[in-house]
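So the structure is just underneath, and the comments pick up after that.
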Amino acid sequence: MEEHDYDSNSSPPLMSTYKHLFVEQHRLDMDMGAIDVDECELPVIDLAGLMEAEQVCRADMVRAASEWGFFQVTNHGVPQALLRELHDAQVAVFRRPFQEKVTERLLGFSPESYRWGTPTAKCLEQLSWSEAYHIPMTTPRPSTSIRARAVIEEVSRAMYELAQKLAEILMRGLPGAGEGETMVTTREETCFLRLNRYPPCAMAMGGFGLCPHTDSDLLTIVHQQQGTVGGLQLLKGGRWVAVKPSPSTLIVNVGDLLQAWSNDVYKSVEHRVMANATLERFSMAFFLCPSYHTLIIPSSSHVHDDDAHYRSFTFGEYRKQIMEDVRSTGRKIGLHRFRTR
């Protein structure tokens, strides 16, 4: 089936569920799609440089994480054939009827793995016009062999290993950090893969495929699976800029936990996805996370206690605070809750 051959039976009922938010937005005369944004080229890090010019490659990565909070990697070691196979499996599962996705164990995943829209949205700016599968790395395998499921697990494993390598480089790249520096311990139990589909949004005022946010992890790796359908934008210098899609690269962005650990040396940058008026879009994201009891504190050799920008907190505490804020306000407040200066 071609990627544009979808019907209303497979898409979630976003318009009927959230139409009242669009009506309210119209009353306020706020056009979310009215502001043009420039397209940017993210810094590109060729990971082959880790073998050929290691120090230069590491320094380039540290600079990109400090100045942009985002960068692209090439020669990353994840086979393109595997990523294409994942894309095919992703398209196929999202093509299944909506009622199957919310009630059946497609690919052996529980219905709770499937998510759509934003149940907590109190206004259009908080609504994500999308559907997704949230897949923890430790999800039990189904009793029967499913090739698509095996592909998802292969991609998750490859992304986990790559993300660990990149996170370690960035942590050791902090001022004063050395080989004996304590690293944040990551755990498969808290890491997850998310398969995204952004349906077309034909409303004249536009809509967010994914509303503006920062990631609540250490590091995120994203694969934009189509070379012609853009939508990812990030905040740079107070302006939104669009990221040019490139299926041959992987996009890496700093998460909140790494920003706090680095004492603001690295930047967890606000980003969003804009829904296309006529075309659907697919992407995959992997989120590298520590254990829930891991203490996040800028207490490494590069930071004196009096200079720490954040109080110490665990990943579990951070997640709990975010969920409480979203329930009460409709939005994530994030690191501001833990900042000391």
Side-chain angles (χ1 to χ4, degrees), residues 1-19 21-22 25 31-33 37 39 80 83-102 104 106-107 109 111 113-119 121 124-135 148 151-152 155 193-213 220-234 240 242-251 271-286:
M1 181 180 292
E2 294 297 320
E3 291 185 6
H4 58 273
D5 293 337
Y6 56 90
D7 57 48
S8 58
N9 290 330
S10 64
S11 289
L14 291 163
M15 181 54 70
S16 60
T17 304
Y18 298 106
K19 186 176 181 179
L21 297 182
F22 283 89
Q25 192 83 0
D31 189 347
M32 297 167 64
V37 297
E39 193 171 67
Q80 289 296 320
L83 292 173
R84 285 193 295 269
E85 197 170 1
L86 174 69
H87 177 61
D88 292 342
Q90 183 173 344
V91 171
V93 74
F94 280 121
R95 289 287 179 267
R96 300 290 288 272
F98 172 70
Q99 286 303 321
E100 288 186 13
K101 288 182 282 191
V102 297
E104 298 185 12
L106 300 182
L107 302 184
F109 298 123
S113 297
Y114 175 70
R115 302 167 185 190
W116 61 279
T118 310
L124 197 56
E125 289 85 349
Q126 297 171 353
L127 171 63
S128 291
W129 191 267
S130 59
E131 57 179 333
Y133 273 94
H134 178 104
I135 307 169
V151 168
I152 290 170
V155 171
L193 190 77
R194 192 173 67 204
L195 305 178
N196 303 305
R197 174 181 174 259
Y198 304 99
C201 180
M203 295 297 291
M205 64 190 68
F208 295 130
L210 200 59
C211 56
H213 68 286
T220 306
I221 301 178
V222 176
H223 184 230
Q224 300 192 90
Q225 296 171 334
Q226 294 143 292
T228 57
V229 185
L232 176 62
Q233 299 179 356
L234 61 92
W240 288 103
V243 177
K244 184 177 181 179
S246 175
S248 63
T249 68
L250 295 174
I251 295 174
H271 53 285
R272 66 188 186 185
V273 174
M274 300 304 298
N276 191 287
T278 59
L279 300 173
E280 64 181 343
R281 179 179 181 272
F282 294 90
S283 71
M284 174 279 297
F286 179 83

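Note that the coordinates shown come from a computational prediction; the quantities given were computed from them, not determined experimentally.
- Residues satisfying the side-chain contact (heavy atoms from CB on, under 4.5 Å) criterion with A89, sequence neighbours excluded, are A148.
- Contacts of F94 classified as ring pair (Phe, Tyr, Trp, His ring centres under 6.0 Å), with partners at least two apart in sequence or in another chain: Y133.
- Atoms CG and CG, on L14 and L21 in that order, are 11.0 Å from each other to the nearest 0.5 Å.
- Screening R115, R194, K101 for a salt bridge (charged side-chain N to carboxylate O under 4.0 Å, His left out) involving E131 leaves a single residue, K101.
- Residues satisfying the ring pair (Phe, Tyr, Trp, His ring centres under 6.0 Å) criterion with H271, sequence neighbours excluded, are F70, H213.
- A 4.5 Å side-chain heavy-atom check between N196 and F282 finds every atom pair outside the cut-off.
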Could you walk me through whether E85 and D88 pass side chain to side chain contact (heavy atoms under 4.5 Å, CB included), step by step?
CA-CA 5 Å; E85 197 170 1; D88 292 342; 5.5 Å; no
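- Judged by distance alone, the side chain of Q99 and the main-chain N or O of S10 form no donor-acceptor pair under 3.5 Å.
- The structure places OG of S283 at 12.0 Å from CZ of R197, a figure rounded to the nearest 0.5 Å.
- The shortest distance between side-chain heavy atoms of F208 and L124 does not fall below 4.5 Å.
- Between V273 and Q233, every side-chain heavy-atom pair lies at or beyond the 4.5 Å cut-off.
- For the atom pair CD (Q90) and CZ (R95), the distance works out to 10.5 Å, reported to the nearest 0.5 Å.
- For the pair I221 and I251, the minimum side-chain heavy-atom distance is 4.5 Å or more.
- Residue H134 holds its NE2 atom at 11.0 Å from CZ of F109, rounded to the nearest 0.5 Å.
- Across every non-hydrogen atom of G230 and R281, the tightest pair is O-CD, 3.4 Å.
- The heavy-atom pair separating L279 from N276 by the smallest distance is N-OD1, 2.9 Å.
- Using a distance-only test at 3.5 Å, with no hydrogens or angles considered, a donor-acceptor pair links the side chain of W129 to the main chain of P200.
- Atom CD1 of I152 is separated from atom CG of L107 by 5.0 Å, given to the nearest 0.5 angstrom.
- Between K244 and Q224, the shortest heavy-atom contact is O-NE2, 4.0 Å.
- Scored by the side-chain contact (heavy atoms from CB on, under 4.5 Å) test, Q126 finds A121, K122, C123, R331 as partners (sequence neighbours excluded).
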Evaluation steps, ring-ring contact (aromatic ring centres under 6.0 Å, His included), between W116 and F98:
CA-CA 10 Å; W116 61 279; F98 172 70; 5.4 Å; yes
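- Formation of a donor-acceptor pair under 3.5 Å by the Y18 side chain with backbone atoms of T118 is found in this model.
- Partners of P111 by side-chain contact (heavy atoms from CB on, under 4.5 Å), not counting sequence neighbours, listed by chain and number: R105.
- Side-chain N or O atoms of T17 include one that pairs as donor or acceptor with a backbone N or O of P13 at under 3.5 Å.
- Partners of S130 by side-chain contact (heavy atoms from CB on, under 4.5 Å), not counting sequence neighbours, listed by chain and number: S128, Y198.
- Proximity of V222 to L250: side-chain heavy atoms (C-beta onward) are nowhere separated by under 4.5 Å.
- At least one donor-acceptor pair closer than 3.5 Å links the side chain of H223 to the backbone N or O of P247.
- We find the CD-SG distance between E125 and C211 to be 9.5 Å, quoted to the nearest 0.5 Å.
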